[in-house]
Asker: 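One structure coming up, written as structure tokens, with questions to follow.
Values below: every heavy atom of this structure, side chains too, minus hydrogens, waters and symmetry copies.
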Amino acid sequence: MTDEAISDTERRRMAAVRRYDILDTPPDGAFDRITALAARRFRVPISIISIVDVERIWFKSHHGLPVTEIGRDPGLCASAIMSDDPHILTDASVDPRSLANPLVAGDFGLRFYAGVPLTTSDGHNLGTLCIIDKKPRPIDEEQIEDLKDLASVVMDQLELQLSARTAVSRAELLAKEIDHRVMNSLQFVSGLLNMQARAPDMGTATTHLQLAANRVAAVARVHRHFSAEHSETTSCIGFLKRLGADLGVILDRSIHIDGAEGDIPNRWVQPIGLIVNELVTNAAKHGAGRIEVLYEAANEKHTLIVCDEGDLPEDFDPAVASRSLGMRVVRSLATQLGGDLTVGRRPDGRYYFKVSFTGSQP
């Protein structure tokens, strides 16, 4: 069907079909129970919940029929949605509206059809709830009212699912807005601390204010590079590469990020990001040359390694480096991840800091 052949009314109806986002969705017991109930109530072999698409009629539920869709042209449901009233054929073989229909004249041998439109709150007919038999049969007004009530139940279910999707979408938008505001607030606080640190009368407090500003900025930076979309996990190496690129610009140093692919729980992201931020910043401040960050994961054990081309005292021990706030921060974050911080030396003589963890909190 070409765009020119589609009327404005049909375009609006198809927009409603898309809004409900039901086409090609998996089977749903809620709808299958309705078609089974309709078949029993009216003592017919076939009951269908159909959605009329541009060129096909797709079946959300098809009791007594093995197919999931048919072409729109021979489908009686396409005729049924043209009116808001029930579409009733008590003997399709003699009804002028259906004499030439392939489902009636062909091998399928349809004789009885009763379909009620599935009408949205804004007046668009998405498809039908219909009952079918291969022999003629009467249907009275009370039965038609029962069929209309069942069609209303179908629409109630569709509206419920639409409302749930809308609520989730709004919650996701709200979460993104909150994330954005939190990040802006952290950056604002960091800016205030930096401004206060530059005040001429701060004396020895200047260094402490600058350190506080840097750590608030670090939290904001980690927050900016992590966004929990529709999953409870995120790519660790992807997150670290974004964070590393940002740190490389800020510190004016070459930072190489490498390691294993794979997702981690979202709750690990902030401590991992803050650990890398702290160790990389320290490497840029006290070390030399290129900074490398390696993430490894195997058998539920995870490792973060940060090294540069600088040097360390032979007896350096992070466990007793109590004067360093940075080391205390990293050790605390490692503990949150159920791990610890160690220092080692590679075969090429370069020192590294390593955080090994399992993610299980002590």
Asker: Checking Asp21 against Gln161 for the side chain to side chain donor-acceptor pair (under 3.5 Å) test, could you report, in this order, the C-alpha distance in whole Å, the side-chain angles of both residues, the deciding distance, and whether it holds?
Answerer: CA-CA 9 Å; Asp21 195 24; Gln161 293 184 359; over 6 Å; no
Asker: Measure the shortest side-chain to side-chain distance between Gln143 and Arg41 over non-hydrogen atoms and say whether it is less than 4.5 angstrom.
Answerer: yes
Asker: Looking at every heavy atom in both Ile88 and Arg97, which two are closest together, and how far apart are they?
Answerer: O-NH2, 2.6 Å
Asker: Do side-chain atoms of Asp53 reach the backbone of Glu55 as a donor and acceptor pair under 3.5 angstrom?
Answerer: no
Asker: Once you round to the nearest 0.5 Å, how far does CZ of Arg72 lie from OG of Ser50?
Answerer: 10.5 Å
Asker: For Glu159 and Tyr20, which I'm curious about, is there any donor-acceptor pair between the side chains at under 3.5 Å?
Answerer: yes
Asker: Applying side-chain contact (heavy atoms from CB on, under 4.5 Å) between Tyr113 and each of Thr128, Ile139, Leu103, report the one that passes.
Answerer: Thr128
Asker: Is the side chain of Arg137 donor-acceptor paired with the backbone N or O of Phe112 at a distance under 3.5 Å, no angle test?
Answerer: no
Asker: Whether Arg111 and Asp95 form a salt bridge (side-chain N of Lys/Arg under 4.0 Å from carboxylate O of Asp/Glu) is what I want to check.
Answerer: no
Asker: Indicate yes or no for a side-chain donor-acceptor contact from Thr166 to the backbone of Leu162 under 3.5 Å, with no hydrogens or angles considered.
Answerer: yes
Asker: Under 4.5 Å between side-chain heavy atoms, hopping through other hydrophobics if needed: is there a path connecting Val293 to Leu274?
Answerer: yes
Asker: Give a yes or no on whether Leu333 and Val343 share a hydrophobic cluster (residues Ile, Leu, Val, Met, Phe, Trp, Tyr; joining criterion: side-chain heavy atoms under 4.5 Å apart).
Answerer: yes
Asker: Tell me, do Met155 and Leu129 make a side-chain contact under 4.5 Å, heavy atoms counted?
Answerer: no
Asker: If we only count heavy atoms from C-beta on, is the Ile22 to Trp58 side-chain gap below 4.5 Å?
Answerer: yes
Asker: Run Ser235 and Asp263 through side chain to side chain donor-acceptor pair (under 3.5 Å) and show every step you take.
Answerer: CA-CA 4 Å; Ser235 166; Asp263 290 351; 4.7 Å; no
Asker: For the residue pair Ala36 and His63, what are the closest heavy atoms and their distance?
Answerer: CA-ND1, 3.8 Å
Asker: I want to check something: taking the side chain as every heavy atom from C-beta on, are Val280 and Glu292 in contact at a cut-off of under 4.5 Å?
Answerer: no
Asker: Do you know the tightest heavy-atom contact between His87 and Ala80?
Answerer: CB-CB, 3.6 Å
Asker: Is the backbone of Ile81 close enough, under 3.5 Å, to the side chain of Asn125 for a donor and an acceptor to pair up by distance?
Answerer: yes
Asker: Of all the heavy-atom pairs spanning Pro27 and Asp32, show the shortest one and how long it is.
Answerer: CB-OD2, 4.3 Å
Asker: Check for a donor-acceptor pair, side chain of Arg12 on one end and backbone N or O of Ser7 on the other, with a separation under 3.5 Å.
Answerer: no
Asker: Is the shortest heavy-atom distance from the side chain of Ser356 to the side chain of Lys301 under 4.5 Å?
Answerer: no
Asker: Can you get from Phe59 to Leu37 by hopping between Ile, Leu, Val, Met, Phe, Trp and Tyr side chains that sit under 4.5 Å apart?
Answerer: no
Asker: Is Asp122 atom CG crowded by more than 12 heavy atoms from other residues, nucleotides or ligands, each under 6.0 Å away?
Answerer: yes
Asker: Taking all non-hydrogen atoms of both residues into account, name the closest pair between Leu341 and Ala334 and its distance.
Answerer: N-CB, 4.4 Å
Asker: Of all heavy-atom pairs between Ala114 and Leu147, which one has the smallest distance, and what is that distance?
Answerer: O-CD2, 3.7 Å
Asker: Anything under 30° is parallel, anything over 60° is perpendicular, the rest tilted; go ahead and classify His302 against Tyr295.
Answerer: parallel
Asker: For the side-chain contact (heavy atoms from CB on, under 4.5 Å) test, which of Lys60, His62, Gln157 pairs with Ile49?
Answerer: Lys60
Asker: Could you check if a side-chain atom of Pro45 sits within less than 4.5 angstrom of a side-chain atom of Ile132, using non-hydrogen atoms only?
Answerer: no
Asker: Answer yes or no: is there an ion pair linking Arg56 with Glu69, defined by an N-O contact shorter than 4.0 Å?
Answerer: yes
Asker: Are the side chains of Arg331 and Asp340 in contact, using a 4.5 Å heavy-atom criterion?
Answerer: no
Asker: Just wondering, do Ile250 and Thr281 contact through their side chains at under 4.5 Å, heavy atoms?
Answerer: no
Asker: So with a 6.0 Å cut-off around CZ of Arg18, is the heavy-atom count from everything else above 12?
Answerer: yes
Asker: What about Leu89 and Phe42, same hydrophobic cluster or not, with Ile/Leu/Val/Met/Phe/Trp/Tyr joined at side-chain heavy-atom distances under 4.5 Å?
Answerer: no
Asker: Any donor-acceptor pair under 3.5 Å linking the side-chain atoms of Thr234 with those of Asn266?
Answerer: no
Asker: Under the criterion side chain to side chain donor-acceptor pair (under 3.5 Å), I'd like the reasoning laid out for Thr35 against Ser47: C-alpha separation, chi angles, the key distance, then a yes or no.
Answerer: CA-CA 5 Å; Thr35 53; Ser47 178; 5.1 Å; no
Asker: Going from CD1 on Ile48 to SG on Cys77, what distance comes out if it is rounded to the nearest 0.5 angstrom?
Answerer: 6.0 Å
Asker: Side-chain heavy atoms under 4.5 angstrom apart, residues restricted to Ile, Leu, Val, Met, Phe, Trp, Tyr: same cluster for Leu76 and Ile51?
Answerer: no
Asker: Looking only at atom types and distance, does a side-chain atom of Ser98 sit under 3.5 Å from a main-chain N or O of Asn101, one as donor and one as acceptor?
Answerer: no
Asker: Please check this pair: side chain of Thr120 against backbone of His124, looking for a donor-acceptor N/O pair closer than 3.5 Å.
Answerer: yes
